[in-house]
Amino acid sequence: MVPYAAIVTTKEVTVRGSTRTHELAAFMLFTFALSWAFWVPSALLFSVNPGEPVVTAPLMVGLQTMGAVAPTLVALVLTQRMGGRSAVTALLRRFRPDRKLMRWYAAAALAVPSLTLVAMTVQAIVSSQPLVDPDAGLAEMAGDMGWIAAVALLPLVLASQLFSSPLLEEAGWRGYALPRLQGRVGALIAGTVLGLVWGVWHLPLVIAYGDPFLPYLAGIIAHSILMTWMFNNSGGNLSVMLVAHASLNLSLNVLLPLRAGWIPALVAWAAVAVVVIRYGATNLADTVRYTGHHEGPQSVPAAGVAS
């Protein structure tokens, strides 16, 4: 005879899984709709009339910013609808810095730039080009102020990036979507799925900037997995995710040229392989993956979810 408690647990897992699926579907649908309402016109505008550099075009900056806030805005609205004001407060509380996580702040700040430096070195050897591509933002900075000053300013550039797309997006991607994904599948699959969605979400901007999409997408998926690794080992702390996202922006916008090609993506995937071998695909962490949160229905234990 099956104990009643086991039956209740099974029903709870089914209900929670169904709820999370609906929450994820709603989050993805509204995020894409709101962002692309601004980004698709911007892609059409700047691909047809690319006279002014896209990076400095005021209209492009405005449209990009209005679209970038969608993940957080949608996440807050859905969280409020599902759990009320206390749930929103609990979600936002995860942005609090934690001194116990200093090693993960360091990993978030240094891992991606270090991988990018490796990619830059490989690319320079393969192509017989300078270590820093002349089209990269760092080369432009060095041309204006010299190499020593440009390199010394990189920490400030990293800090400034915290208040751009990381702050606009992370309550949505890693605050709302990733825990729900990890309540359904293992960490490696969750990070891969989120990376795929995250990369495709950027498609109108990639078109506007003229970047090759497939290398970009491959790199974004790899970095999403690496961020999932940091996320789970920091207990779902979103301030760590802000730093990780900012370091990714630094690498893509300053250290690498716009059209970086496949080498950075391949280097990032090599790092993913090391992480998976060391931590395992199920949790990408020494502990269970982060699925529990207070801003919505409680998640099932990691051990009870297929990986």
Side-chain angles (χ1 to χ4, degrees), residues 23-79 112 135-137 157 160-178 180-181 191-224 227 238 241-242 244-254 256-261 264-265:
E23 290 175 354
L24 280 168
F27 172 77
M28 301 301 180
L29 175 63
F30 289 121
T31 296
F32 270 76
L34 184 56
S35 295
W36 283 25
F38 295 104
W39 288 356
V40 170
S42 70
L44 294 174
L45 176 63
F46 285 95
S47 61
V48 172
N49 184 24
E52 185 177 3
V54 175
V55 177
T56 58
L59 179 58
M60 180 62 184
V61 172
L63 291 171
Q64 180 173 340
T65 302
M66 287 186 285
V69 75
T72 287
L73 180 61
V74 172
L76 292 177
V77 170
L78 292 178
T79 300
V112 177
D135 292 331
V157 175
S160 70
Q161 288 292 324
L162 292 171
F163 304 99
S164 58
S165 57
L167 190 60
L168 296 177
E169 298 177 26
E170 283 306 321
W173 298 127
R174 255 61 60 169
Y176 187 91
L178 185 56
R180 287 163 172 79
L181 276 169
T192 301
V193 170
L194 185 60
L196 178 62
V197 172
W198 192 24
V200 173
W201 177 71
H202 282 92
L203 180 59
L205 294 182
V206 175
I207 293 173
Y209 282 92
D211 297 343
F213 181 63
L214 289 181
Y216 173 84
L217 181 61
I220 284 294
I221 294 173
H223 288 300
S224 174
M227 290 177 71
L238 294 179
M241 293 297 94
L242 290 182
H245 194 151
S247 73
L248 178 59
N249 284 1
L250 174 70
S251 297
L252 293 178
N253 300 331
V254 178
L256 291 172
L258 287 176
R259 296 169 179 81

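Taking both residues in full, the closest heavy atoms of Leu217 and Gly199 are given as CD1-CA, 3.7 Å, listed atom of the first, atom of the second, then distance. A pairwise comparison of heavy atoms in Ala75 and Gly172 identifies CB-CA, 3.7 Å as the closest pair. Heavy atoms only, all atoms of each residue included: Pro166 and Asn249 are closest at CD-ND2, 3.6 Å. Taking all atoms of both residues into account, the shortest heavy-atom contact from Ser42 to Leu63 is CB-CD1, 3.4 Å. Closest non-hydrogen pair, Met28 versus Val197, comes out as SD-CG1, 3.5 Å.
Counting heavy atoms from C-beta outward, Val200 and Phe32 have side chains that approach closer than 4.5 Å. You'll find the side chain of Leu178 stays beyond 4.5 Å of the side chain of Met227, heavy atoms only. Inter-residue side-chain proximity for Leu167 and Leu162 is flagged as unmet; no heavy-atom pair is nearer than 4.5 Å. Here the side chains of Met241 and Leu238 are in contact, with some heavy-atom distance below 4.5 Å. Side-chain contact check for Gln64 versus Leu205: some heavy-atom pair is nearer than 4.5 Å.
One distance of note links CG of Leu29 with CG of Leu34; it measures 11.0 Å at 0.5 Å rounding. Atom CZ of Phe213 sits about 11.0 Å away from atom CG of Asp211, to the nearest 0.5 Å. In this structure, NE2 in His202 is found 4.0 Å from OH in Tyr216, a value given to the nearest 0.5 Å. In this structure, the separation between CG on Leu194 and CH2 on Trp173 is 6.5 Å, given to the nearest 0.5 Å. The structure places CG of Leu203 at 12.5 Å from OG of Ser35, a figure rounded to the nearest 0.5 Å. A distance of 9.5 Å separates CG of Leu250 from CG of Leu256, quoted to the nearest 0.5 Å.
Between Trp39 and Trp201, the two ring planes are tilted [angle within 30° to 60°].
Without hydrogens or angle criteria, Ser224 side chain to Gly191 main chain gives a donor-acceptor distance under 3.5 Å. Formation of a donor-acceptor pair under 3.5 Å by the Ser247 side chain with backbone atoms of Ala244 is found in this model. At least one donor-acceptor pair closer than 3.5 Å links the side chain of Ser160 to the backbone N or O of Val157. Remark: side-chain polar atoms of Ser164 are paired, donor with acceptor, to backbone N or O of Gln161 under 3.5 angstrom.
The number of heavy atoms from other shown groups lying within 6.0 Å of CZ (Phe163) does not exceed 12.
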